[in-house]
Participant: 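First, the structure itself, so that you have it in front of you.
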2 protein chains.
Amino acid sequence: MSDMRAAKATRTSFLDVRAAVLARIRARVWPPGALLPTEHDLAAEFGCARATVNRALRALSDEGVIDRKRKSGTRVRMVPVRKAKFEISVVRHLVEETNATYRYALVSRRAGPCPAWLAARLDLPGDHPMLHLRCMHYADNRPFQFEERWVNTEAVPAILTADLSVIGPNEWLLGAVPFTDAEIAMSAEAADAPLAEFLETAVGVPLFQLERITWLQGAPVTFVRMSHHPGYRMSTRY
Amino acid sequence: MSDMRAAKATRTSFLDVRAAVLARIRARVWPPGALLPTEHDLAAEFGCARATVNRALRALSDEGVIDRKRKSGTRVRMVPVRKAKFEISVVRHLVEETNATYRYALVSRRAGPCPAWLAARLDLPGDHPMLHLRCMHYADNRPFQFEERWVNTEAVPAILTADLSVIGPNEWLLGAVPFTDAEIAMSAEAADAPLAEFLETAVGVPLFQLERITWLQGAPVTFVRMSHHPGYRMSTRY
DNA sequence: GAGTGGTCTAGACCACCAG
DNA sequence: TGGTGGTCTAGACCACTCA
């Protein structure tokens, strides 16, 4: 034991392998497009099990650094695909992360048929029953986000009896209804008169808008459009 | 529960375990906050190795469905954290995905000291040498994106001799310089006079703007601000 | 202190696919 | 059709953390 080399003091972790491989890619030892040694060979070189190498390479593959194919082997990606992850969560958390006081208000609540433009978008019949909700979210009593939402009451009948005066529909839905698929879209839109009023700004001011549709096994659950206060920035590190 | 002999026809995959666990969470067998059985117990129940259960649960943990802690065990997340992934890649790919013809133009290129606001933002001295680039990206000859970029020429001296008239700085940098960290921010901004001219729109029109800073082991590499044509939507499914 | 997840090993079988 | 990655197993040790 005492004459063991320092390198073998710890068993080599998949993180070690990952770091070593990444270092060589960065150093252009394996330039973009190059073929890496096989898992077997790398395992031999690093003195670890193939499963360890496998996990390291799988991690790099998930990160978009390398591309793996059976038989052809592992190659360095020509253009690294870095994936930015956004945690789309609850507004309340967004606000509270800034150490601001969060406040929620239900603006309106009305059950009725699905509007035509939304029916087309969700691939629903035009008279499909929906619940239309409008809410405001405040940070330190300043407007933070205006939320306009339609909920498919056939998919989520329980929302008709839910008390949405205290807890927002976003949080209620997250806790009550799972979803299998979601689509989000971000854009810049000019404030119209109602938006300007709710967000206490002027008509025409650019607003960061986020739309989301969620489905539960093919059936649309809800559509929401979130319009943020002027100057809002959505950011992330990766 | 349903089939015993058929179930053993194939070895149980971690995907089977993942699906089964997810189904129970969705069915509220394990409601939000509930403690799941240990990996050992689940392995026994599913008739597989603990490593298989581990991989399944690790996947669910990565997806934000469950929360794992040593000793305390595995719990269902109160609020599922769904992570939307954006592949921040090259503009050219974005354009070509829409079956449009991509065109790139270098608008201006000037080496000089870092502007004060950027120096502050990047934590660089005010006179740090930078290369300032402005480019246009077109889709079917209609303005798609205006790119304004500063490159740290001390970190990337090679860019001073690179030919950026044909290939954009984005693609050039991706192929030439690795980065270890990045920060991106999205916002809605009103078009100013130059932007309106380049994007062929009116002053004040809301534009979807994306900023990114990249670092290589702590040293800032580049800052870029991409302003998109009016009506641009950035979307993803997850 | 003890229970739980985190990880590594050594070996094995399988699926896929380029030659 | 052989080589490569994908995965599972059975067992083991370790590290963190809660009681």
Side-chain angles (χ1 to χ4, degrees), chain A residues 1 4-22 24-25 30 33-78 81, chain B residues 3-22 24-25 30 33-78 81:
Chain A
M1 322 308 174
M4 289 288 251
R5 299 214 291 187
K8 291 305 285 179
T10 322
R11 298 199 330 217
T12 58
S13 155
F14 78 98
L15 289 173
D16 299 333
V17 178
R18 179 188 165 283
V21 170
L22 196 51
R24 290 189 198 171
I25 291 175
W30 296 318
L35 190 63
L36 268 63
T38 68
E39 294 189 345
H40 180 84
D41 292 350
L42 285 172
E45 181 194 335
F46 288 110
C48 65
R50 185 168 79 93
T52 304
V53 172
N54 180 278
R55 179 150 182 207
L57 294 188
R58 184 150 38 84
L60 288 174
S61 178
D62 289 344
E63 293 164 35
V65 176
I66 58 178
D67 205 17
R68 319 196 72 195
K69 268 188 215 155
R70 290 171 197 221
K71 171 64 181 175
S72 15
T74 303
R75 289 183 179 281
V76 181
R77 280 234 161 134
M78 287 306 214
V81 181
Chain B
D3 45 345
M4 345 203 145
R5 286 181 299 182
K8 288 309 281 182
T10 323
R11 294 193 333 207
T12 58
S13 156
F14 78 96
L15 289 173
D16 299 334
V17 179
R18 180 188 165 282
V21 170
L22 196 50
R24 290 190 200 170
I25 291 175
W30 296 319
L35 190 63
L36 268 61
T38 68
E39 294 189 344
H40 179 85
D41 292 350
L42 284 172
E45 182 194 335
F46 288 109
C48 64
R50 186 168 79 94
T52 306
V53 172
N54 180 279
R55 180 150 180 208
L57 295 187
R58 184 151 37 84
L60 288 173
S61 177
D62 289 344
E63 294 164 35
V65 176
I66 58 177
D67 205 17
R68 320 196 71 195
K69 266 187 214 156
R70 293 179 153 148
K71 172 65 181 173
S72 19
T74 303
R75 289 186 179 279
V76 180
R77 274 231 154 107
M78 287 306 212
V81 180

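Lettering follows sequence order; numbering is per chain, from 1. Here the structure is a predicted model, which is why all the values come from computation and not from measurement.
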Participant: Round to the nearest Å and state the distance from L15(B) atom CG to dT7(D) atom P.
Facilitator: 7 Å
Participant: Within residues 55-77 of chain A, find the residues that approach DNA chain C with a heavy atom at under 4.0 Å, and present them sorted by residue number.
Facilitator: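 Nucleic-acid contacts, sorted: R55(A), R70(A), K71(A).
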Participant: Under 4.0 Å from any atom of DNA chain D, heavy atoms only: list the residues of residues 38-45 of chain A that qualify, in numerical order.
Facilitator: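 Per residue number, the list reads T38(A), E39(A).
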Participant: Please test R75(A) against D67(A) for salt bridge (charged side-chain N to carboxylate O under 4.0 Å, His left out), starting from the C-alpha separation and ending with a verdict.
Facilitator: CA-CA 5 Å; R75(A) 289 183 179 281; D67(A) 205 17; over 6 Å; no
Participant: Do I66(A) and I25(A) come close enough that some side-chain heavy atom pair is under 4.5 Å?
Facilitator: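 Yes. Closest side-chain heavy atoms under 4.5 Å.
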Participant: Any side-chain N or O of T52(A) less than 4.0 Å from the OP1 or OP2 oxygen of dT9(C)?
Facilitator: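 Yes, such a contact exists.
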Participant: Spell out, as yes or no, whether a donor-acceptor pair under 3.5 Å connects the side chain of S72(B) to the backbone of R70(B).
Facilitator: yes
Participant: With sequence neighbours left out, write down each residue that passes side-chain hydrogen bond (donor to acceptor under 3.5 Å, both in side chains) with R18(B), or none if nothing qualifies.
Facilitator: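 Testing R18(B) for side-chain hydrogen bond (donor to acceptor under 3.5 Å, both in side chains), a comparison that skips the adjacent residues, returns E63(B).
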Participant: Drop me the distance from R50(A)'s CZ to T38(A)'s OG1, to the nearest 0.5 angstrom.
Facilitator: 8.5 Å
Participant: Taking the side chain as everything from C-beta on, heavy atoms only, tell me whether D62(B) gets closer than 4.5 Å to D62(A).
Facilitator: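 Result no, sub-4.5 Å side-chain heavy-atom pair not found.
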Participant: Strictly below 4.0 Å: does N54(B) bring a side-chain N or O up to OP1 or OP2 of dG5(C)?
Facilitator: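 Checking dG5(C) against N54(B), no side-chain N or O comes under 4.0 Å of OP1 or OP2.
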Participant: Starting from the 5' end of DNA chain C, give me the residue, F14(A) or R50(A), whose nearest nucleotide shows up first.
Facilitator: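 Between the two, 5'-proximity favours F14(A).
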Participant: Does R68(B) reach the side chain of N54(B), with side-chain heavy atoms less than 4.5 Å apart?
Facilitator: yes
Participant: Please report, rounded to the nearest Å, how far the P atom of dT9(D) is from the CZ atom of F46(B).
Facilitator: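 Computing the F46(B):CZ to dT9(D):P distance gives 12 Å.
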Participant: How long is the line joining CZ of R18(A) and P of dC8(C), in whole Å?
Facilitator: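 Whole-Å distance recorded here is 13 Å.
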Participant: Please find the pair of heavy atoms, one from L57(A) and one from L42(A), that lie closest to each other, and give the distance.
Facilitator: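 Closest heavy-atom pair between L57(A) and L42(A): CD1-CD1, 4.1 Å.
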